[in-house]
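Take a look at the structure set out below.
No hydrogens, no waters, no symmetry mates; every other heavy atom, side chains included, goes into these values. It should be emphasised that the depicted structure is a prediction, and the values quoted were computed from it without experimental measurement.
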Amino acid sequence: QIKYSVAKDGLVTLKVYNILGKEVVTLLNQVKPAGSYQVIFNVNQLSSGVYFYTLHSGDFTQTKKFILMK
């Protein structure tokens with residue numbers, strides 16, 4: 001599960017990338033009002049390793065790393 005907050009209404013995009021920078025999945029690509037949200041991310045199709053997720057909302061961008069261990 002990935003939790004995030006949006007400061008302003010607008011298009012929100014949440015994508016997951018592998019360690020090589022290849023996009024694995026787009027979790028969210030919707031217009032959202034300001035507020036706090038969470039996305040349930042099913043990792044069954046992914047192998048163990050290091051991944052990054054990037055959140056874009058207006059002029060705000062944030063990237064975080066996570067490690068998946070099965």
Side-chain angles (χ1 to χ4, degrees):
Q1 122 180 324
I2 298 174
K3 295 180 182 181
Y4 66 94
S5 295
V6 178
K8 298 182 210 173
D9 297 359
L11 179 65
V12 178
T13 305
L14 182 60
K15 296 184 179 188
V16 177
Y17 299 90
N18 64 16
I19 192 73
L20 300 175
K22 181 179 176 186
E23 183 181 326
V24 176
V25 65
T26 298
L27 296 175
L28 185 66
N29 190 17
Q30 296 178 348
V31 175
K32 293 278 192 181
S36 296
Y37 301 93
Q38 67 180 12
V39 174
I40 304 300
F41 178 31
N42 185 353
V43 297
N44 290 336
Q45 73 276 13
L46 298 179
S47 59
S48 296
V50 177
Y51 294 89
F52 298 90
Y53 65 88
T54 301
L55 175 71
H56 293 282
S57 176
D59 58 353
F60 174 79
T61 301
Q62 183 179 37
T63 301
K64 291 195 174 185
K65 176 173 77 171
F66 68 94
I67 298 172
L68 177 61
M69 296 176 64
K70 289 189 174 183

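To the nearest 0.5 Å, atoms CD1 (I19) and NZ (K65) are separated by 7.0 Å. Here L28 contributes atom CG and H56 contributes atom NE2; the two are 12.0 Å apart, rounded to the nearest 0.5 Å. For the atom pair L27 CG and I2 CD1, the distance stands at 5.5 Å (nearest 0.5 Å). Distance CG/D59 to NZ/K8: 5.5 Å, rounded to 0.5 Å.
Both V39 and L68 belong to a common hydrophobic cluster when Ile, Leu, Val, Met, Phe, Trp and Tyr are linked at side-chain heavy-atom distances under 4.5 angstrom. When hydrophobic clusters are built by joining Ile, Leu, Val, Met, Phe, Trp and Tyr residues whose side-chain heavy atoms come closer than 4.5 Å, directly or via intermediates, Y37 is not grouped with L11. Taking hydrophobic clusters as Ile, Leu, Val, Met, Phe, Trp and Tyr residues chained together by side-chain heavy-atom distances below 4.5 Å, V43 shares a cluster with V16. The same ILVMFWY cluster, assembled from side-chain heavy atoms under 4.5 Å apart, contains both L20 and I67. Under a hydrophobic-cluster definition in which Ile, Leu, Val, Met, Phe, Trp and Tyr are linked whenever side-chain heavy atoms come within less than 4.5 Å, directly or via other members, V25 and Y17 are assigned to different clusters.
Other residues, nucleotides and ligands place no more than 12 heavy atoms under 6.0 Å from the NZ atom of K22. Summarising the local packing, CG of N42 is surrounded by more than 12 heavy atoms from other residues, nucleotides or ligands at distances under 6.0 Å.
Closest approach of N18 and V24 over heavy atoms only: N-CG2, 3.6 Å. Across every non-hydrogen atom of A7 and A34, the tightest pair is O-CB, 3.4 Å.
K15 places no side-chain N or O within donor-acceptor distance of the main-chain N or O of N29, the cut-off being under 3.5 Å. Under a 3.5 Å cut-off, the side chain of K32 and the backbone N or O of S57 do not form any donor-acceptor pair. Checked by atom type and distance alone, the side chain of K64 never pairs as donor or acceptor with a backbone atom of L55 at under 3.5 Å.
Below 30°, between 30° and 60°, or above 60°: for Y51 and F66 the angle between ring planes is below 30°, a parallel geometry.
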Can you check side chain to side chain contact (heavy atoms under 4.5 Å, CB included) on Y4 and V12, steps first, answer last? CA-CA 10 Å; Y4 66 94; V12 178; 4.0 Å; yes
Checking side chain to side chain contact (heavy atoms under 4.5 Å, CB included) for the pair V31/D9: CA distance, chi angles, key distance, verdict? CA-CA 7 Å; V31 175; D9 297 359; 5.9 Å; no
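Side-chain contact check for L46 versus F41: some heavy-atom pair is nearer than 4.5 Å.
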